[in-house]
Amino acid sequence: CSQAARAFLTFFKLIGQRAIHEIVPSLLQSLAEGGQEAVMAQRGLCEIVELRPRDLLEYLLPVLLTSPVQITAAKALAGIADVPGACFHLYFNQIIPAVVTELSSISDKIELLEASCASSENISEADLEDKRMQIEFESSRLSAVQQAAASVVGSVTTVGVSSFISEVAKQIEHESSVKKRRWGCWLVQQFVSKSKADYTDYVLILLKYVLSRCAEMNRPLLQAVCECLQAMASHISLDELMSHVEFIRNCVSSTASAARHRTGTGNLLTATGEFLLPLLTIPKSLDPFLTILLHGLMNGSVPVREVAAETIGELAKMTDPAVLKPVLIKATGPLIRVIGDRFPSNVKGAILQTLCILLDKGGQSLKAFVPQLQTTFIKSLNDASRDVRSKATTALGKLISISMRIDPLLTELSAICMQADGNAVKASVYEAILSVLTEGADKASPTAMDRVQSVCMNAVPDEDDTVRSARSRCLGMLSAFMGPAQVSGLLIDLLGSGAADTNSTVQCGRLVSIGAVLQCAGPKAMELREEAFAFLLKGLQDDRIVVKTAACRAVGLLMRTPPQRSLSEEDRKGPWRAAGQAAVHTFATSLAECTSDSGSSEMRIYAISAIKQAAKNYYGATSQQIKSMVPPLLLATKDINLMVRYAADRALKHLSEAPSSSSSNAAGGFVTSPAMTAYIATNIAAAIEMKDYIRRILSKLPNDSEDEGNV
């Protein structure tokens with residue numbers, strides 16, 4: 001062949017392009033005939049291409065890529081792709097579109113033929129056999145074209161990377177053809193897997209184009225994206241990829257955000273309203289992401305570790321539980337190991353947030369990690385960062401759903417609380433106890449509950465407001481799981497003699513604790529309810545501002561609905577509601593007086609918030625007290641303190657709007673309540689001001705706001 005190739009070169013020098021037209025067609029004919037001659041013809045074709053690559057390719061490519069591409073043409077293209085110096089990159093603007101179009105066309109034909117065979121009721125056996133033979137032939141042709149395409153992109157050299165990416169990007173982003181987008185991703189997979197070129201500078205571009213397809217609805221395309229990402233995670237240096245974790249995160253977030261807001265995405269939402277990214281509903285689609293992110297988590301710099309941890313959580317949120325389940329163990333182990341090392345609080349906070357998400361999504365699949373997770377979360381309660389402590393508290397509550405041994409946890413938390421030095425840590429431990437009780441108090445033994453109660457009662461005189469608040473809510477949650485006799489005993493301990501304590505710190509602790517117990521115990525506190533109400537009224541009328549503030553806060557707790565999830569809707573509307581309505585009638589006048597008291601802005605905010613909670617949760621009883629509440633609230637809307645004005649706006653909204661119209665307010669349908677309408681009709685002096693205020697301010701406020709969960 002070498003001598004024949006040299007003869008061709010001599011012939012070409014003598015007669016030019018005519019040599020190609022005289023010799024190459026006969027070589028292609030020999031390829032089509034098969035046998036030993038086809039082997040020799042392929043070898044000869046490769047040798048003359050090596051000698052005159054540009055001249056030969058300009059002739060061969062239009063011939064070989066003529067649709068429909070035959071198997072012999074595809075094999076010829078695959079053969080010459082490996083020829084050194086073939087300069088294929090100069091012709092990618094012809095090759096890539098033609099190959100992608102041909103692959104799309106063949107796959108379309110196969111799908112149509114398979115669909116036709118599937119509905120074969122009215123087809124004769126001969127026709128059916130003919131269609132099967134066509135499927136077999138088209139499948140062979142598809143395989144040959146795939147092999148040719150893989151050979152071409154695998155031969156790309158460093159100088160040709162830019163040309164290849166430019167052309168393949170057009171296919172990946174093709175507007176009208178899903179199949180062209182699919183085969184464009186497939187070409188990138190083949191390039192990454194087989195090319196020896198240096199494309200380090202183009203990794204971000206490849207990631208951008210491939211990740212832009214992760215919200216497509218076509219499963220073959222999503223499978224191609226998944227396989228492409230897997231090839232990138234396998235063939236590109238993980239040290240290189242982990243430096244791009246933030247870019248990967250931004251690309252996925254951007255694509256997911258666009259998918260959430262486009263029309264017709266209802267099928268991307270679960271029954272609970274969670275959004276699932278289409279790519280992450282494909283089996284093993286999370287694997288390439290985890291390969292990169294876990295490497296970054298274990299080996300990256302501090303910013304990379306933080307972003308990697310956050311991205312794992314964000315992806316887990318959008319992943320189908322069936323896809324997430326096989327990789328939960330793989331993801332959780334490294335997260336626990338890294339949080340145990342000495343890293344900054346932002347890394348620990350990101351890991352804790354992700355572990356919370358995995359607990360939500362994984363459930364029982366993480367049961368084997370309960371001891372390690374419990375140790376990790378408890379250790380994080382001592383962290384200097386409030387964010388880390390808060391997330392550890394939340395995580396402990398989620399852990400209870402898969403843990404059957406709550407007593408040792410409550411015992412350990414109680415011991416830590418007794419030994420804690422700083423108020424910040426102590427408050428976080430109380431919050432953790434509250435979280436555990438909220439999620440799993442029904443699993444705790446009486447002994448463990450008594451131990452927690454003892455720790456909480458010892459902390460009643462605590463001077464720190466944050467500790468006092470957390471401890472009071474713990475006592476309230478404990479009372480939710482007590483019987484009436486136990487609740488009465490607890491209230492007796494908190495009430496003492498019923499007289500105001502000379503120590504304002506102790507008095508504040510008692511007030512807030514009683515409010516929390518009355519909120520959670522509801523009708524079980526009936527025996528001592530009048531004494532407890534009288535104690536709170538004394539607090540609201542106390543001369544000491546700090547005591548008055550604590551009393552307003554306690555009444556605000558009482559005006560909220562009970563927090564325990566075990567209560568049925570029927571229970572909430574029965575005796576529990578009656579207890580709340582009684583509280584409204586008892587404290588309405590005193591709360592109105594505190595609202596107009598200029599002694600402390602903080603106290604006024606708590607008093608106004610208590611009125612807001614009463615209007616939200618017990619509107620019928622609150623509307624009967626509207627005459628005493630509206631004047632001080634209107635005055636508060638003109639206060640120089642912005643927070644006082646904001647709280648007053650929210651309280652007046654709930655007091656003025658008819659409860660049945662709250663759902664229509666999102667569409668601008670504010671409906672003034674009958675009680676407020678009657679008040680305006682009977683108060684001529686305030687009528688103009690109130691009507692104008694409703695029109696300008698209240699009708700434009702959202703139904704809920706950031707302070708809705710605060711008292």
Side-chain angles (χ1 to χ4, degrees), residues 233-234 237-246 248-249 284 286-317 319 321 323-403 405 408-409 412-413 416 425 428 432 435:
S234 302
S237 165
L238 288 177
D239 289 335
E240 165 74 18
L241 287 172
M242 80 175 182
S243 65
H244 303 315
V245 290
E246 188 162 11
I248 293 171
R249 175 193 189 183
K284 298 186 178 181
L286 203 55
D287 290 4
F289 291 106
L290 283 181
T291 300
I292 300 166
L293 296 173
L294 291 178
H295 185 80
L297 180 72
M298 301 291 287
N299 303 285
S301 61
V302 168
V304 168
R305 290 175 192 262
E306 180 184 3
V307 173
E310 290 173 343
T311 307
I312 292 171
E314 290 170 6
L315 290 176
K317 267 187 179 179
T319 303
V323 176
L324 181 63
K325 186 177 179 180
V327 297
L328 272 174
I329 305 283
K330 176 183 177 181
T332 305
L335 289 166
I336 294 174
R337 286 197 294 276
V338 172
I339 198 174
D341 293 336
R342 295 184 178 180
F343 286 108
S345 296
N346 53 338
V347 175
K348 294 181 179 180
I351 292 175
L352 287 169
Q353 182 67 35
T354 294
L355 287 172
C356 286
I357 294 170
L358 295 181
L359 283 168
D360 278 337
K361 299 277 287 193
Q364 294 298 323
S365 299
L366 291 177
K367 200 167 184 179
F369 281 107
V370 166
Q372 298 97 311
L373 289 170
Q374 183 171 308
T375 302
T376 297
F377 298 154
I378 290 175
K379 183 180 177 182
S380 299
L381 291 174
N382 291 301
D383 195 88
S385 167
R386 184 178 182 276
D387 180 61
V388 171
R389 296 196 307 273
S390 175
K391 288 174 178 174
T393 295
T394 304
L396 277 171
K398 295 181 182 298
L399 189 63
I400 294 306
S401 63
I402 61 173
S403 174
R405 302 179 67 232
L409 176 57
E412 186 173 0
L413 290 173
I416 294 172
V425 172
S428 294
S435 182

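Being a predicted model, the structure only gives us computed values, none of them experimental.
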Problem - From OG1 (Thr291) to CG (Leu286), nearest 0.5 Å - result: 9.5 Å
Exercise for the section: Give, for atom CG of Leu399 and atom OG1 of Thr394, the distance between the pair rounded to the nearest 0.5 Å. Expected result: 12.5 Å
Please list every donor-acceptor pair under 3.5 Å in which a side-chain atom of residues 368-378 meets a protein atom from a residue at least two apart or in another chain.
| residue | atom | partner | partner atom | Å |
| --- | --- | --- | --- | --- |
| Thr375 | OG1 | Pro371 | O | 3.0 |
| Thr376 | OG1 | Gln372 | O | 2.8 |

Handout entry: Set of residues satisfying side-chain contact (heavy atoms from CB on, under 4.5 Å) with respect to Thr311, sequence neighbours excluded
Key = Arg249, Leu293, Val307, Leu315
Completion exercise
For Ser234, the side-chain contact (heavy atoms from CB on, under 4.5 Å) test, sequence neighbours excluded, returns Gln230
Please identify each residue that fulfils side chain to side chain donor-acceptor pair (under 3.5 Å) with [X], with sequence neighbours left out.
X: Arg305; result: none
X: Asn346; result: Glu306
X: Ser380; result: none

Practice task
Determine which pairs satisfy side chain to side chain donor-acceptor pair (under 3.5 Å) with at least one residue from residues 350-369, sequence neighbours left out, and list them in order.
Solution key: Asp360-Lys398
Problem - Side-chain heavy atoms of Ile400 within contact of Leu396, under 4.5 Å - result: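 Result no, sub-4.5 Å side-chain heavy-atom pair not found.
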Practice task
Please collect all salt bridge (Lys or Arg N to Asp or Glu O under 4.0 Å) contacts where either partner lies in residues 336-356, sequence neighbours excluded, each pair once.
Solution key: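 Sorted result for residues 336-356: Lys348-Asp383.
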Using atom types as modelled, flag every donor-acceptor pair under 3.5 Å from a side chain in residues 237-246 to any protein atom, sequence neighbours excluded.
| residue | atom | partner | partner atom | Å |
| --- | --- | --- | --- | --- |
| Ser237 | OG | Asp239 | N | 3.3 |
| Ser237 | OG | Glu240 | N | 3.4 |
| Asp239 | OD1 | His295 | NE2 | 2.8 |
| Glu240 | OE2 | His244 | NE2 | 2.9 |
| Ser243 | OG | Glu240 | O | 2.5 |

Practice task
Count the heavy atoms of every other residue, nucleotide or ligand shown that sit under 6.0 Å from NZ of Lys330, and state whether that count exceeds 12.
Solution key: yes
Handout entry: With sequence neighbours excluded, residues passing salt bridge (charged side-chain N to carboxylate O under 4.0 Å, His left out) with Asp387
Key = Lys391
